[in-house]
Amino acid sequence: MELRHLDWDSNFYEKKIYRCDISKDCSFNDLSRLKQIDADLIYIFIPDTLYNDRLSTDLNNYGAVLYDKKVTFQKEVPKVSQVIEFNINFEEVEVLTSELEDLAIQSGEFSRFKVDPKLNFKFKEMYRTWMDRSVKKQIADRVIAAKDDTGKEAGFISLSKIGSVGKIGLIAVDKSCRGKKIGTQLLYQADVFFQNSGVSSCEVVTQLDNFPACSLYEKNGYFKKRVEYIYHYWK
């Protein structure tokens with residue numbers, strides 16, 4: 001097991017928060033080491049290759065709760081050579097608006113930070129902060145908004161380049177605008193950005209329980225790269 005203190009999470013929640021990565025098969029006795037850590041909360045990350053019924057039972061008996069089945073999707077960046085006319089306008093945004101804040105909160109509908117009742121009290125603030133730092137280009141290289149004819153922000157996507165890999169940070173389509181293929185059009189904007197950035201592959205993270213998001217990515221050429229099970233162990 002690999003354990004490290006999470007400075008940002010600890011400061012944000014004003015609690016001692018650690019992350020534990022299970023990197024090999026472990027037993028109930030191994031998990032007892034977590035009891036010795038001076039922490040309020042430990043996120044336990046388990047790759048699907050190590051996840052099994054015995055470990056799940058041990059974690060449940062230990063008091064840890066499964067709050068996320070995190071899935072990372074990946075695809076090779078396609079060559080985009082044609083200009084496609086869409087039924088909505090796209091603009092890069094650098095100023096946080098109330099509409100973008102609301103969209104960011106919608107993007108976290110399945111987030112473990114919302115599902116865990118002990119973290120839920122700061123869920124909206126967390127996603128507002130994430131959105132604010134993205135438009136300021138502190139944690140993203142570009143934020144692209146989809147706007148309808150009235151100028152309303154109907155959706156957005158945040159993008160960044162890390163080495164040779166493109167990353168989609170947040171993506172959302174307003175509930176009132178879904179079913180119009182805006183999500184697919186936003187992913188096309190990501191393809192253009194990544195191609196122009198010179199990256200060879202791109203990734204996006206969501207939850208296995210977020211069936212609409214998983215379906216969207218698979219329909220647009222993404223495949224499951226890995227799955228991780230995330231438990232929260234409150235001490």
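Below, all heavy atoms of this structure are taken into account, side chains as well, without hydrogens, waters or symmetry copies.
The side-chain heavy atoms of Y229 and L59, taken from C-beta on, include no pair separated by under 4.5 Å. The closest side-chain heavy-atom distance from K35 to Y233 is below 4.5 Å. Between D9 and L41 the shortest side-chain heavy-atom distance does not fall below 4.5 Å. A heavy-atom distance below 4.5 Å is found between the side chains of Y13 and M126. Under the 4.5 Å side-chain criterion, counting only non-hydrogen atoms from C-beta, L170 is not in contact with L103. Two residues are said to be in side-chain contact when any heavy atoms from C-beta on lie closer than 4.5 Å; D102 and D174 meet this criterion. Residues E153 and E91 fail the side-chain proximity criterion, which asks for heavy atoms closer than 4.5 Å.
Atoms CD and CD, on Q189 and E92 in that order, are 11.5 Å from each other to the nearest 0.5 Å. R142 CZ to S160 OG: the interatomic distance, rounded to the nearest 0.5 Å, is 12.0 Å. Taken from CG in L119 to CD1 in I17, the straight-line distance is 6.5 Å, to the nearest 0.5 Å. We find the OH-SG distance between Y231 and C20 to be 13.0 Å, quoted to the nearest 0.5 Å. For the atom pair I144 CD1 and Q185 CD, the distance stands at 12.5 Å (nearest 0.5 Å). Within the model, atoms CG of L100 and OG of S134 stand 10.0 Å from one another, a figure rounded to the nearest 0.5 Å.
Here the closest heavy-atom approach between residue E2 and residue S23 is recorded as OE2-OG, 4.1 Å. Looking at every heavy atom in both residues, A39 comes nearest to I42 through CB-CG1, 4.0 Å. Considering all non-hydrogen atoms of both residues, G155 and L186 come closest at C-CD1, 4.2 Å. Closest non-hydrogen pair, Q195 versus V77, comes out as N-CG1, 3.8 Å. Between L50 and I22 the shortest heavy-atom distance is CD1-O, 3.6 Å. The two residues A190 and L159 make their nearest non-hydrogen contact at CB-CD2, 3.7 Å.
Residues satisfying the side chain to side chain contact (heavy atoms under 4.5 Å, CB included) criterion with C214, sequence neighbours excluded, are V71, F73, T206. K16 meets the side chain to side chain contact (heavy atoms under 4.5 Å, CB included) test with D38, D40; sequence neighbours excluded. For D148, the side chain to side chain donor-acceptor pair (under 3.5 Å) partners at least two apart in sequence or on another chain are T150. For F110, the ring pair (Phe, Tyr, Trp, His ring centres under 6.0 Å) criterion is met by no residue, not counting sequence neighbours. Every residue two or more places apart in sequence or in another chain that forms a side chain to side chain contact (heavy atoms under 4.5 Å, CB included) with F45 is listed here: R19, D21, Y43, K70, R112, E228, I230. With sequence neighbours excluded, the residues that form a ring pair (Phe, Tyr, Trp, His ring centres under 6.0 Å) with Y127 are F123, W130. Listed by chain and number, the residues in a side chain to side chain donor-acceptor pair (under 3.5 Å) with K136 are D132 (sequence neighbours excluded). K24 is linked by a side chain to side chain contact (heavy atoms under 4.5 Å, CB included) to nothing, counting only residues two or more places apart in sequence or in another chain. In this view, Y222 and Y217 satisfy the ring pair (Phe, Tyr, Trp, His ring centres under 6.0 Å) rule, not counting sequence neighbours.
Look at D48 and R226 and you find no salt bridge, because none of the NZ, NE, NH1 or NH2 atoms lies under 4.0 Å from a carboxylate O. Between K224 and E218 there is a salt bridge, since at least one side-chain N of the basic residue sits less than 4.0 Å from a carboxylate O of the acidic one.
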Show me, pair by pair, the donor-acceptor contacts under 3.5 angstrom made by side chains of residues 60-67, not counting sequence neighbours?
residue : atom : partner : partner atom : Å
N60     : ND2  : S56     : O            : 3.2
N61     : ND2  : T57     : O            : 3.3
Y62     : OH   : L31     : O            : 3.2
Y62     : OH   : S32     : O            : 3.3

Side chains of residues 161-168: which donor-acceptor partners sit under 3.5 Å, not counting sequence neighbours?
residue : atom : partner : partner atom : Å
K161    : NZ   : S197    : O            : 2.9
K167    : NZ   : E203    : OE1          : 2.7

Point to revise | V93 and F156: CA distance, side-chain angles, deciding distance, side chain to side chain contact (heavy atoms under 4.5 Å, CB included) verdict | key: CA-CA 9 Å; V93 292; F156 82 96; over 6 Å; no
Practice item. Any chance you could lay out the salt bridge (Lys or Arg N to Asp or Glu O under 4.0 Å) test for K137 and E94, step after step, and finish with the verdict? Key: CA-CA 8 Å; K137 297 187 177 180; E94 297 180 340; 3.4 Å; yes
Point to revise | Chi angles and distances behind the salt bridge (Lys or Arg N to Asp or Glu O under 4.0 Å) call for E14, K122 | key: CA-CA 11 Å; E14 298 181 340; K122 294 196 84 171; 5.9 Å; no
Exercise for review: Could you give me the CA-CA distance, side-chain angles and deciding distance for M131 and L96, then say whether side chain to side chain contact (heavy atoms under 4.5 Å, CB included) is met?
Suggested key: CA-CA 7 Å; M131 190 74 250; L96 183 64; 3.4 Å; yes
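Residue pairs meeting the salt bridge (Lys or Arg N to Asp or Glu O under 4.0 Å) criterion with at least one member in residues 178-193, sequence neighbours excluded, are K75-D191.
Between F113 and H232, the ring planes are tilted. Angles from 30° to 60° get that label.
In this structure a side-chain-to-backbone donor-acceptor pair under 3.5 Å is missing from Q74 to S201.
Y18 and F12 end up in different hydrophobic clusters when Ile, Leu, Val, Met, Phe, Trp and Tyr side chains are linked at under 4.5 Å. If you chain together hydrophobic residues whose side chains sit under 4.5 Å apart, I139 and W8 fall into the same group. Side-chain heavy atoms closer than 4.5 Å link hydrophobic residues (I, L, V, M, F, W, Y) into clusters, and following such links, possibly through other members, connects I37 to M1. By the criterion of side-chain heavy atoms lying less than 4.5 angstrom apart, applied directly or through intervening Ile, Leu, Val, Met, Phe, Trp or Tyr residues, V205 is not grouped with L208; the two fall into different hydrophobic clusters. Taking hydrophobic clusters as Ile, Leu, Val, Met, Phe, Trp and Tyr residues chained together by side-chain heavy-atom distances below 4.5 Å, F121 shares a cluster with I105.
None of I157, T184, I182 except one satisfies the side-chain contact (heavy atoms from CB on, under 4.5 Å) rule with V173; the exception is I182.
A side-chain donor from one of S176 and K152 sits under 3.5 Å from a side-chain acceptor of the other.
Around NZ of K219, the count of heavy atoms belonging to other residues, nucleotides or ligands within 6.0 Å does not exceed 12.
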